[in-house]
Amino acid sequence: METSLPTHSDNHAAHHGPAKGIKRWLFTTNHKDIGTLYLWFAFIMFLTGGAMAMVIRAELFQPGLQIVEPHFFNQMTTVHGLIMVFGAVMPAFTGLANWLIPLMIGAPDMALPRMNNLSFWILPFAFLILLMSLFMEGGGPAFGWTFYAPLSTTYSGDSTALFVFSVHIMGISSIMGAINVIVTIFNMRAPGMTWMKLPLFVWTWFITAYLLIAVMPVLAGAVTMVLTDKYFGTSFFSAAGGGDPVLFQHIFWFFGHPEVYIMILPAFGIISAIVPTFSRKKLFGYSSMVYATASIAFLSFIVWAHHMFTTGMPVAAELFFMYCTMLISVPTGVKVFNWVATMWRGSISFEVPMMFAIAFIILFTFGGFSGLMLAITPVDFQYHDTYFVVAHFHYVLVTGAIFSLIAATYYWLPKWTGVMYDNKLAKWHFWCSLISVNVLFFPMHFVGLAGMPRRIPDYSIQFADWNQIISLGGFAFGLSQLIFLALLIKACRKKGEPVPAKVWDGAEGLEWDLPSPTPYHTFSTPPKIK
Amino acid sequence: MLIKTKHLLNILLLVFCFPLAASETATSSINLREGVTDISHQVYDLHMTIFYICCVIGLVVFGVMIYSMIFHRKSRGAKAANFHESLKVEIAWTVVPFVILIGMAIPATKTLIAMEDADESDLTIIVTGSQWKWHYEYQGHDIDFYSLLATPEQQRSGQWIKGDTYLLDVDRPLILPINKKVRFLMTSDDVIHSWWVPDFAVKKDANPGFINEAWTKINEVGTYRGQCAELCGKDHGFMPVVVEAVSEADFENWLLSEKDKILQAKAEEQKWLAMNMSKDELMLEGQQVYTAYCAACHQANGQGLPGAFPALLGSPYVTGPVDKHIEIVLNGKSGTSMQAFAKQLSLKQIAAVVTYERNAWGQNSGDLIQPKDVNQIVKSGL
Ligand code: HEM
Ligand SMILES: [Cu+2]
């Protein structure tokens, strides 16, 4: 994509520079500030959820009950899951969307800047409520991030009301964020930025935003029904009143499966930006990537019951969901093949973003493989609700979504701050993370296959050896992220070599034509796109 | 960057070696077990097939990738080629996986249909989950009992050495005959549980208010252990499943002796109704019952878990009239985790545990409850 930029200097921007102090952040409507807020918030949540994972792994370090009570253990697994999904991964992608979509399509800002401010600033309250509920009498939510009824209704504690309220706020925030993305992409593209010229990150987020708008209301419905079942005498999920507990699972997973793709489609966009840059070669099949993303999004609506094979569905339904789930691995495979074909006969160099991207491709594919195994219904009966599933979704979410987020941070951070990150720390971060994450999650396949159920605070001694190794990997992975924290703080204080506008020689896209660091206001006049 | 590729190779090796090591023993610490039913063997074969398919795809994809990581490096002077978009290639890598998947779907469909066909069974067991134990009823045989975790508390807290079957021991296993098609009807009294025995490849949710069906036909005599597989609250990790599979003759004998025992117990109960038990007797038995059935929620010290499970110490049920106390133990409290123990415990056990709750933890109320007192409440239908 060739661009010619308005060359006028930034004295215009100087008039409308950021406000000073805390007000800058509270009242900002600037997409870059809001992006930064989202990213830091997500990182803090990542560390918070990580701390809970450390509690879980410490308790599971050896058999027996050592550190926490089973009831508290369940609160930890529940809140860990909620925080990582809704507090870390989703806001981090929204942060990237805020920073990057306007830059990539040549827009001056997001289409709805005030709503943008609101959608961020309600988030901290949602998580404050959720975290504070842990300190209530009876503790916080302890029914798993999937909150199956009736465990979450008749048999839950009084923190359930707070849980419901906080999920509502998260949902509202996500929906507003999604609306903003869609409106921006529809209306704010620079002249000449046609649909099939959009960078894949923009495409994947566009589709993700539709998924969000489709399913977040379903989640809101699910929590509302939980609320009324628990407090207002309805019986949506109670057989005694004519309801059905399995109905809850259908509703939850109708949200839940698209949700897992909400957490991975933008990652596909990121990897599709990074791999061509460091292979110095065009993405192999741009349009097939767009179509693959769209078909994954479509299929993601008709596979939800693969989470429910053991609930006792009719065999015809089981077959339908098995076939659809197997089918979804075809477009997923197309993605992976495309990245590999892009690397093929390229001129590859291994900067840290590329290292994370390569690790993503391989390890995400591991998660895809276990996903394919889980799709085979008769065998899923054995895998279901064991550590094999835990291994699967951590490969796709940690070495998938989170690795892509880290790769994105390294890739665009120099553009944002104007200085190169500390490369030595970055390499340490990569190698420590890569090794520890596999020590952490790979053996989970083994214990899962050997029969260890998930969500248990104590286990029989045959699982002891692997669990010890898993815990050690867990602690190491947790510590490795502190390297990342140090690196980020250093970069945000602008300590490092200044970088040119085009930070990476093979990079393509409008953002690389802007000066580094990115000025506070960009594209006040749209760029010309040839 | 060589280190990088080496590490990748290591990962690959690890992935590809584990099934080989695993197939040596029946119960592996890193792989699915083959189990002891025809179905479980089929499931195992499906598992290995799909696993090897993944291995082959992985070898090809990662092989190409690692090749280009080594040979198409800029530092080696590689110049980027300029090709992109090729309809032929793209059709190929869509169609080939599709065909492989069809090949996989056919045997999977066959096995699935067989697994879901519970018709023409020889024996039906009604399996009921509740927080946190299993109840088994032999349909048409008048035999039913609860099956509780038998691992001593001292092993869990680390005071005693953990045994080989730590957390996988129950007081009364489910006894099943081999070579018979056994049908399970699963349901639950409270939350969703999931009854799982890996060696049978049977895992089915027990949903409150609904009945699910599963079946097995065991080929070998033996003891088979599993666990609840669906998060069901605080003690989800502590409700194991143990099945003892015996020969058909042994099973018939067991049925007879079990029926005998039930008659004896009934006679025994009549005897107890006529007697008065001493405080020591009541307290001793009461403590045992309390530890097995009540302490999970109300805690050994009677103080409960504030906000989750109420304390008994100082509770109006325990300090107030005896009748109300007996009644809540018998019938539970609907809409809460408090279960009805009438069908779980004998009159004598209920008398003992109520006595215990009123005299333990330094209360010494002096109330003694006899089996006949409990019987009166049962009779009056409170
Ligand atoms: C090839 C593509 C995939 C297939 C065929 C697949 C299949 C499955 C199946 C069948 C299950 C249910 C397992 C069970 O509970 O028994 C599952 C669970 C899960 N998958 Fe995937 N999956 C795929 C990709 C992904 C991706 C890309 C993500 C997210 C980024 C993901 C996230 C999850 C999560 C979070 C769960 C578990 C949720 C829970 O029970 O807590 N999967 N997957
Ligand atoms: Cu799914």
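In what follows, chains carry the letters A, B, and so on, assigned in the order in which the sequence lines appear, proteins first and then strands, with residues in each chain numbered from 1. The figures that follow rest on heavy atoms only: side chains count, while hydrogens, waters and symmetry mates do not.
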Taking the six-membered ring for Trp and the full ring for Phe, Tyr or His, determine whether the centres of Y383(A) and H47(B) are under 6.0 Å apart.
yes
Contact class of [X] relative to chain A, heavy atoms under 4.5 angstrom:
| X | value |
| --- | --- |
| D117(B) | neither |
| T336(B) | backbone |
| M115(B) | side chain |
| M104(B) | both |
| T165(B) | neither |
| Q131(B) | side chain |
| L168(B) | side chain |
| I57(B) | both |
| K204(B) | both |

Is a side-chain donor or acceptor of [X] paired with a backbone partner of [Y] at a separation under 3.5 angstrom?
| X | Y | result |
| --- | --- | --- |
| D458(A) | R156(B) | no |
| E85(B) | Y286(A) | yes |
| K203(B) | Q382(A) | yes |
| N74(A) | G233(B) | yes |

Using a 4.5 Å cut-off on heavy atoms from C-beta on, say whether the side chain of [Y] contacts that of [X].
| X | Y | value |
| --- | --- | --- |
| E116(B) | T377(A) | no |
| M343(A) | V64(B) | no |
| S329(A) | L101(B) | yes |
| Q249(A) | I192(B) | yes |

Under 30°, 30 to 60°, or over 60°: which ring-plane class applies to F284(A) and F83(B), parallel, tilted or perpendicular?
perpendicular
Y323(A) and T109(B): side-chain donor and acceptor closer than 3.5 Å?
yes
Classify the side-chain pair D205(B)/T310(A) by whether it contains a donor and acceptor separated by less than 3.5 Å.
yes
Nearest-0.5 Å distance, CG of residue L112(B) to CD of residue E318(A)
5.0 Å
Out of V447(A), V330(A), T342(A), which one racks up the most heavy-atom pairs below 4.5 Å with chain B?
V330(A)
Picking from Q62(A), R455(A), M136(A), Q462(A), which has the most non-hydrogen pairs under 4.5 angstrom with chain B?
R455(A)
Checking heavy atoms, do the side chain of W466(A), its backbone, both or neither come under 4.5 Å from chain B?
side chain
